[in-house]
K.L.:
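Can you keep this structure in mind? I'll have questions shortly.
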Amino acid sequence: MPQFIQERPGDAALIEPLLDECFGPDRFKKTAYKIRENIVPQPELSYVAVEEGRLLATIRYWPITIGGTTPALLLGPIAVSPKLQGRGIGVGLIRETLRVAQELGHRLIVLVGDPEYYGQFGFENAATLGFKLPGPLEERRFLVKECVPGALKGVTGMLAGVQLMPPPPGRVATQGETARLTEQLATFSPPADT
């Protein structure tokens, strides 16, 4: 029976081939991927399904804003090994991570996917609510879920990824550089009291 656990550092090397297998290399041309450029997924909502040491599926959520002010999450991609699709693994991952997202206080989740599938989780059309994406898509596949009643009230606008913080100016010294500088400082005598 698959276990749903938070993504571990070693899983990243297995996730990319799974995404290639499920979606192919053209996935990077999709609008949802453009939104995810230069941002990192929420670690507390990045999950994998594993069984006997094998990675079976993955799901990630990404920090975004709607209209430049309203925080939300972008769900996806979710991928299940093609040999295992139809066994409820994806449904289980979505349910578990939606539960965690709600417990963490997230209010809105958007995705691009089939409304016939995601409707079972409470997703509805986002385009009809005035949400926009910075690229082409089938409007019927642009979906949103309200995790907190009333969270959609007054929310409208363009989705954008929340950018990474810029690195600080300069750089961090290496361990060797730090050791050399420390040795040089140790040779100085403190000033004599006068």
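Throughout, residue positions are numbered sequentially from 1 according to the sequence presented.
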K.L.:
If I compare all heavy atoms of Ile89 with all of Ala49, which pair ends up nearest, and what's the gap?
P.N.:
CG2-CB, 3.8 Å
K.L.:
Checking Arg36 side chain against Gly76 main chain: does a donor-acceptor pair fall under 3.5 Å?
P.N.:
yes
K.L.:
Pairing donors with acceptors under 3.5 angstrom, does anything connect the side chains of Tyr47 and Thr58?
P.N.:
no
K.L.:
Indicate the atoms forming the closest heavy-atom contact of Gly161 with Ile39, along with that distance.
P.N.:
CA-CD1, 3.9 Å
K.L.:
Search all heavy atoms of Leu19 against all heavy atoms of Tyr33 and return the closest pair with its distance.
P.N.:
CD1-OH, 4.2 Å
K.L.:
Treat each ILVMFWY residue as a node, draw an edge where side-chain heavy atoms are under 4.5 Å apart, and state whether Ile94 and Ile5 are in one component.
P.N.:
no
K.L.:
Test Leu73 against every option in Leu108, Ile64, Leu45, Thr97 by the side chain to side chain contact (heavy atoms under 4.5 Å, CB included) rule and name the one that passes.
P.N.:
Leu45
K.L.:
Hey, mind stepping through Ser81 and Arg54 against side-chain contact (heavy atoms from CB on, under 4.5 Å) and telling me if it holds?
P.N.:
CA-CA 11 Å; Ser81 172; Arg54 293 180 306 132; over 6 Å; no
K.L.:
Can Ile15 be reached from Ile59 by stepping across I, L, V, M, F, W or Y side chains whose heavy atoms are under 4.5 Å apart?
P.N.:
no
K.L.:
Check Phe23 against Ile78 and note the closest heavy-atom contact, atom names and distance.
P.N.:
CZ-O, 3.3 Å
K.L.:
Strictly distance-based, threshold 3.5 Å: is any side-chain N or O of Glu51 a donor or acceptor partner for the main-chain N or O of Met1?
P.N.:
yes
K.L.:
Using modelled atom types only, decide if a donor and an acceptor are shared between the side chain of Glu7 and the backbone of Val48 within a distance under 3.5 Å.
P.N.:
no
K.L.:
Is there side-chain contact between Arg87 and Pro2, with at least one heavy-atom pair below 4.5 Å?
P.N.:
no
K.L.:
Check for me, please, whether Phe4 and Leu55 land in the same ILVMFWY cluster - side-chain distances under 4.5 Å, paths through other members count.
P.N.:
no
K.L.:
Measure from the side-chain N and O atoms of Gln42 to the backbone N and O of Tyr61, and report whether any donor-acceptor pair falls under 3.5 Å.
P.N.:
no
K.L.:
Would you be so kind as to tabulate the donor-acceptor pairs closer than 3.5 Å made by side chains of residues 129-154, with sequence neighbours excluded?
P.N.:
unit_1 : atom_1 : unit_2 : atom_2 : d
Arg140 : NH1    : Glu116 : OE2    : 3.1
Arg141 : NH1    : Asp114 : OD1    : 2.5
Lys145 : NZ     : Phe121 : O      : 2.9
Glu146 : OE2    : Gly150 : N      : 3.1
Glu146 : OE2    : Ala151 : N      : 2.9
Glu146 : OE2    : Leu152 : N      : 2.9

K.L.:
For residues Trp62 and Val162, determine if any side-chain heavy atom of one lies less than 4.5 Å from a side-chain heavy atom of the other.
P.N.:
no
K.L.:
Under 4.0 Å between a side-chain nitrogen and a carboxylate oxygen: does that hold for Arg27 and Glu16?
P.N.:
yes
K.L.:
Tell me if the CD atom of Gln3 is crowded by more than 12 foreign heavy atoms within 6.0 Å.
P.N.:
no
K.L.:
List the steps, then state whether side-chain contact (heavy atoms from CB on, under 4.5 Å) holds for Met158 with Ile35.
P.N.:
CA-CA 11 Å; Met158 182 70 69; Ile35 293 172; over 6 Å; no
K.L.:
Check whether any side-chain heavy atom of Val91 lies under 4.5 Å from a side-chain heavy atom of Tyr117, and answer yes or no.
P.N.:
yes
K.L.:
Which heavy atom in Thr69 sits nearest to a heavy atom in Pro71, and how many Å separate them?
P.N.:
O-CD, 3.3 Å
K.L.:
Show, in sequence, the C-alpha distance, side-chain angles and deciding distance for Val110 and Phe123, and conclude whether the side-chain contact (heavy atoms from CB on, under 4.5 Å) test is met.
P.N.:
CA-CA 8 Å; Val110 296; Phe123 283 88; over 6 Å; no
K.L.:
Please report the C-alpha distance between Asn125 and Thr128 in whole Å, then the side-chain angles of each, then the deciding distance to 0.1 Å, and finally whether the side-chain contact (heavy atoms from CB on, under 4.5 Å) criterion is met.
P.N.:
CA-CA 6 Å; Asn125 190 285; Thr128 60; 3.4 Å; yes
K.L.:
Could you state whether Leu98 and Leu74 fall into the same hydrophobic cluster, counting links through intermediate Ile, Leu, Val, Met, Phe, Trp or Tyr residues with side-chain heavy atoms under 4.5 angstrom apart?
P.N.:
no
K.L.:
Heavy atoms only: give me the nearest Leu93-Ala57 pair and the separation to one decimal.
P.N.:
CD1-CB, 3.6 Å
